[in-house]
Amino acid sequence: MSQKINIDGVEYDFESLSQKAKDILEKLQHTDTQIQDNKNLSALLTRAKNSYVHELKREMIEGKSGVDIASLFD
């Protein structure tokens, strides 16, 4: 069974593509992978940023109040 690819709702037989088309498809797949990797990295960095903001807020509150907030939740 031959491999099919779908581009904009149209199916193409992979084996019938020219070598240039196969090369472009490989670049497209690499680009899609890079985009997904960057989305994953962005999610990770956003989570880290939110954690740092949370820590900073806690540190500022502890500095003003003198109460160790972290010990309240242990």
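Residue numbers run from 1 in the order of the sequence given.
No continuous path of hydrophobic side-chain contacts links Leu28 to Ile35 [ILVMFWY only; heavy atoms under 4.5 Å]. Leu56 and Tyr52 fall into different hydrophobic clusters, where Ile, Leu, Val, Met, Phe, Trp and Tyr are joined by side-chain heavy atoms under 4.5 Å apart, directly or via other members. Val53 and Ile61 fall into different hydrophobic clusters, where Ile, Leu, Val, Met, Phe, Trp and Tyr are joined by side-chain heavy atoms under 4.5 Å apart, directly or via other members.
The CG atom of Leu25 sits 6.5 Å away from atom CD1 of Ile7, with the distance rounded to the nearest 0.5 Å. The distance from the CD1 atom of Ile5 to the OH atom of Tyr12 is 8.0 Å, given to the nearest 0.5 Å. Between Ser16 atom OG and Lys4 atom NZ the span is 7.5 Å, to the nearest 0.5 Å. With rounding to the nearest 0.5 Å, the separation of OG1 in Thr31 from CD in Gln29 is 10.0 Å.
At least one side-chain heavy atom of Arg58 sits less than 4.5 Å from a side-chain heavy atom of Glu62. Contact check for Ile24 versus Leu17: no side-chain heavy atoms found under the 4.5 Å cut-off.
The pair Lys22-Glu26 does not count as a salt bridge, with every side-chain nitrogen at least 4.0 angstrom from each carboxylate oxygen.
Residues passing the side-chain hydrogen bond (donor to acceptor under 3.5 Å, both in side chains) test with Gln19 are Asp23, sequence neighbours excluded. Partners of Glu15 according to the side-chain hydrogen bond (donor to acceptor under 3.5 Å, both in side chains) rule, which considers only residues two or more places apart in sequence or in another chain, do not exist here.
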Run Ser51 and Arg47 through side-chain contact (heavy atoms from CB on, under 4.5 Å) and show every step you take.
CA-CA 6 Å; Ser51 178; Arg47 185 171 181 161; 5.8 Å; no

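Each side chain to side chain donor-acceptor pair (under 3.5 Å) pair with one or both residues in residues 32-46, not counting sequence neighbours, appears once here: Gln36-Asn40.
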